[in-house]
Amino acid sequence: MILRHPAMPHNKQAHAKSAAEMERIMAKVVFFEESCKGCYLCVTACPNKIITIAEDRMNAKGFRPVEVKEQERCIGCAMCATICPDCVIEVFK
């Protein structure tokens, strides 16, 4: 859904430009890795499947934390943060 100011033109060209500008606005996901207990619920909740298990490291608790490999594909839905039982995920948009 694209919200318009009443003074904004209502033609298709203006709409296309607004949609293109909206696509460039990216969300950012931040994980507090040291608090992650490795339940991986966020991995399954992500609609774009961009959250993965970090295979190359462990946190202080001995769990493999999660990470986002393709941050630019994040749509900012915050499903990962919503499902996280330990509130270790923040989504900025």
Side-chain angles (χ1 to χ4, degrees):
M1 181 166 121
I2 297 174
L3 301 175
R4 288 192 181 89
H5 187 276
M8 183 181 232
H10 225 320
N11 62 36
K12 288 184 181 180
Q13 186 177 11
H15 181 271
K17 183 178 180 184
S18 297
E21 287 173 354
M22 291 298 285
E23 275 186 38
R24 283 185 281 173
I25 299 172
M26 291 186 293
K28 182 175 181 179
V29 179
V30 176
F31 296 97
F32 300 103
E33 290 187 4
E34 291 306 314
S35 299
C36 179
K37 66 180 181 189
C39 69
Y40 309 131
L41 290 172
C42 56
V43 175
T44 58
C46 179
N48 284 351
K49 305 300 179 203
I50 60 171
I51 301 174
T52 59
I53 301 165
E55 299 293 333
D56 59 341
R57 65 186 181 283
M58 294 180 136
N59 63 17
K61 295 179 180 182
F63 298 110
R64 295 199 183 278
V66 292
E67 61 188 357
V68 175
K69 289 287 187 180
E70 300 175 76
Q71 189 75 246
E72 67 277 0
R73 289 186 52 215
C74 178
I75 59 173
C77 68
M79 290 183 71
C80 56
T82 302
I83 202 165
C84 181
D86 296 316
C87 302
V88 301
I89 305 169
E90 285 187 357
V91 178
F92 299 94
K93 197 169 182 183

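Everything numeric here is computed off the predicted structure, so don't read it as measured data.
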*Which distance, rounded to the nearest 0.5 Å, do you find between the SG of C74 and the CD1 of I51?*
7.5 Å

Identify each donor-acceptor pair in which a side-chain atom of residues 30-43 lies under 3.5 Å from a protein atom, sequence neighbours left out, and give them as a table.
residue, atom, partner, partner atom, Å
E33, OE1, R57, NE, 3.1
E33, OE2, R57, NH2, 2.7
E34, OE1, A60, N, 2.8
Y40, OH, R64, O, 2.9

_Testing the basics here: between V29 and C80, what is the closest heavy-atom pair and its distance to 0.1 Å?_
CG1-SG, 4.3 Å

_Let me check something: do V68 and F92 share a hydrophobic cluster, defined by ILVMFWY side-chain heavy atoms less than 4.5 Å apart, either directly or through other members?_
no

*Between the side chain of R73 and the main-chain N/O of N48, is any donor-acceptor distance below 3.5 Å?*
yes

_Measuring only between side-chain heavy atoms, which start at C-beta, is E67 closer than 4.5 Å to T52?_
yes

*Which atom pair, heavy atoms only, marks the closest approach of P47 to I75?*
CG-CD1, 4.1 Å

_From I89 atom CD1 to I83 atom CD1, the distance as rounded to the nearest 0.5 Å_ = 9.0 Å

*Would you say the side-chain atoms of D86 pair up with the backbone N or O of V88, donor to acceptor, closer than 3.5 Å?*
no

*asked:* Heavy-atom count check: over 12 atoms from other residues, nucleotides or ligands less than 6.0 Å from K49 NZ?
replied: yes

